[in-house]
Amino acid sequence: MASLVKITFCGGTGSVTGANFLLEAGDKKILVDCGLTQGFKIADDINWDPFPYDPKTIDLLIITHAHVDHLGRVPKLINDGFRGKIYSTLPTKALAQPMLEDTAGILSKNRNYDLESIYSVENIKLAFSLWMGVPYHEKIKIADNFEFSFRDAGHILGSAMIEFVLNGKKIVFTGDLGNSPSPLLPDTKTIKDVDYLIMKSVYGDRNHESRNERRKFLEQTIEDNYKRKGTLIIPTFSLERSQELLFELNDLVENNRIPVMPIFLDSPLAIRLTEIYKQFKTYFNEKAQKAMVHEKHIFDFPGLRETLRSEESKMINSVPNPKVVIAGSGMSSGGRVVHHERHYLPDPNNTLLLIGYQAVGSPGRLIQEGVKTVHISGEDVVVRSHITTITGYSGHKDSDGLLNFVEDTAEMLKKVFVVMGEPKSSMFLVQKLRDNLGVDAYAPERGETVSFIC
Ligand SMILES: [Zn+2]
């Protein structure tokens with residue numbers, strides 16, 4: 001029997017963030033992801049506007065991974081009446097808790113009482129009471145002839161594609177796809193025989209530099225800073241990037257490639273998330289698992305100090321150079337890194353190392369572009385330190401990577417819906433998929449509904 005399928009692109013089209021898709025088939029209403037739109041402040045209206053569907057009528061919410069642009073609106077969904085089931089992989093469920101609590105913390109600092117009541121402890125608790133963590137590949141039945149399972153996306157710990165099978169036809173939502181090979185995670189799983197693909201397109205229009213060089217650059221930057229007796233500041237994202245960096249630093253220290261010196265992980269969120277990574281070792285790739293057999297502690301090495309409390313963080317200033325400070329946020333728009341930048345950027349012996357994407361207009365981007373003075377949390381700071389950028393740390397597939405991913409399943413494909421990218425990058429990927437693989441690709445607009453028969 002054939003079914004009519006409708007997909008509404010409620011968010012995550014025309015932009016990288018804010019993923020939220022409604023899949024309707026038979027009498028079932030399923031949401032894929034429920035993320036915050038980022039790039040502005042979390043408190044921006046777009047994140048708190050009503051959903052374009054009634055959350056009370058939704059049966060299932062399936063989450064691809066623990067980044068807040070994929071799950072950050074879950075407390076609002078609960079607040080607005082959702083009481084269906086939530087599914088994700090086991091690591092995603094574990095990582096989701098600190099991620100949601102951290103967002104609640106940011107909102108409470110802003111003293112926005114309306115939003116605090118939406119993002120309440122009760123709503124977060126209720127979300128987890130509805131939440132099931134399941135392993136990759138386990139089939140979950142939705143109705144007769146309708147089921148889904150998770151496939152490893154290789155993007156962050158626990159990240160997944162969602163593979164729906166309806167009347168024998170496959171509909172796959174990619175979520176974010178990792179920049180494989182990753183030092184920690186297995187490669188993105190190859191998927192076959194897909195009929196309809198809903199895929200992300202961030203970096204659909206460009207290729208990354210080689211990842212092989214990045215470790216060499218990291219080593220060189222740390223050595224240069226050591227020789228200058230400076231402080232090296234690395235602004236970083238708490239989830240995945242911090243753990244990748246710790247893993248690589250561990251390797252450099254254990255193999256005597258860099259001298260032992262104080263290396264501070266000055267991010268309470270990253271410290272909490274790293275503890276969760278340690279609990280899910282079987283989700284790492286073979287190389288990382290082997291390293292663990294030899295060393296036991298792949299995120300811990302001589303010199304590493306975790307500074308959980310803010311008093312400990314303030315003490316970092318009094319520790320003699322050379323030293324390294326890893327702190328959030330990744331774009332220097334808030335978090336503890338801001339205090340370190342105020343303190344260390346004016347000194348030419350110090351170095352700021354940028355390893356993450358810097359959004360247009362963010363302090364990190366301005367510093368990267370070479371401004372001599374930067375406005376950081378209400379203060380003008382003179383930039384005299386070294387500024388270094390390492391590309392190759394991206395957690396997303398690039399244009400060629402996305403194309404290769406689709407090529408594996410191109411034969412059966414009836415249509416690809418290209419989402420989660422800036423318009424230019426979505427359009428570019430649509431064109432490439434048509435030209436290079438001859439598949440029917442289309443970039444839907446926000447709010448648009450498409451339908452097909454399965
Ligand atoms: Zn992501």
Side-chain angles (χ1 to χ4, degrees), residues 9 11-21 31-39 42 47 61-74 87-100 102-103 136 150-162 172-189 198-204 206 208 236-245 269-270 273-274 276-277 280 283 328-331 355-359 392-399 401-402 405 418-422 425-426 429:
F9 301 89
T13 52
S15 89
V16 177
T17 61
N20 190 214
F21 310 106
L31 284 182
V32 171
D33 285 341
C34 192
L36 287 170
T37 297
Q38 292 172 303
I42 299 171
N47 287 315
L61 164 64
I62 311 176
I63 304 277
T64 58
H65 66 287
H67 276 143
V68 290
D69 58 327
H70 292 259
L71 54 67
R73 286 181 96 198
V74 170
Y87 282 97
S88 74
T89 64
L90 292 153
T92 297
K93 185 184 174 189
L95 295 167
Q97 185 125 16
M99 293 305 279
L100 291 178
D102 184 67
T103 306
Y136 289 116
F150 291 112
R151 298 277 180 270
D152 200 336
H155 167 59
I156 64 167
L157 181 71
S159 64
M161 297 176 258
I162 305 169
V172 173
F173 288 77
T174 65
D176 286 346
L177 294 170
N179 181 22
S180 304
S182 131
L184 274 179
L185 305 175
D187 290 355
T188 306
K189 267 260 172 302
I198 297 88
M199 76 179 296
K200 66 119 189 181
S201 60
V202 62
Y203 296 124
R206 67 193 113 144
H208 301 318
T236 185
F237 300 105
S238 303
L239 179 51
E240 192 72 21
R241 196 64 48 83
S242 293
Q243 291 76 31
E244 247 185 57
L245 194 57
L269 180 59
L273 295 169
T274 305
I276 296 173
Y277 269 64
F280 286 99
Y283 285 77
S329 71
M331 299 186 205
I355 59 168
Y357 173 69
Q358 307 295 322
Y393 270 92
S394 173
H396 293 273
K397 278 198 201 315
D398 61 11
S399 186
L402 291 171
F405 169 79
V418 173
V419 297
M420 288 182 289
E422 278 150 28
S425 128
S426 294
L429 185 62

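Along the sequence shown, residues are numbered consecutively beginning with 1. First listed ligand is number 1; within each ligand, the first listed atom is number 1.
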Q | Which residues share a ring pair (Phe, Tyr, Trp, His ring centres under 6.0 Å) with Y87, sequence neighbours left out | A |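 Per chain and number, Y87 pairs via ring pair (Phe, Tyr, Trp, His ring centres under 6.0 Å) with F148.
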Q. Quick one: ring pair (Phe, Tyr, Trp, His ring centres under 6.0 Å) partners of H70, sequence neighbours excluded?
A. H65
Q. N/O/S of H70 less than 2.8 Å from the Zn ion (ligand 1)?
A. no
Q.
Looking only at N, O or S atoms in H67, which is nearest to the Zn ion (ligand 1)?
A.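 Atom name returned: ND1.
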Q: Give the atom name of whichever N/O/S atom in D176 sits closest to the Zn ion (ligand 1).
A: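 Of all N, O or S atoms belonging to D176, OD2 is the one nearest the Zn ion (ligand 1).
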Q.
What do you get for the angle at the Zn ion (ligand 1) between NE2 on H65 and NE2 on H155, to the nearest 10 degrees?
A.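 The two atoms form an angle at the metal of about 100°.
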**Q.** Any donor-acceptor N/O pair, D152 side chain to Y136 backbone, under 3.5 Å
**A.**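 Answer holds: no.
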Q) Counting only N and O atoms by type, is there a donor-acceptor contact under 3.5 Å from the side chain of N179 to the main-chain atoms of S394? A) yes
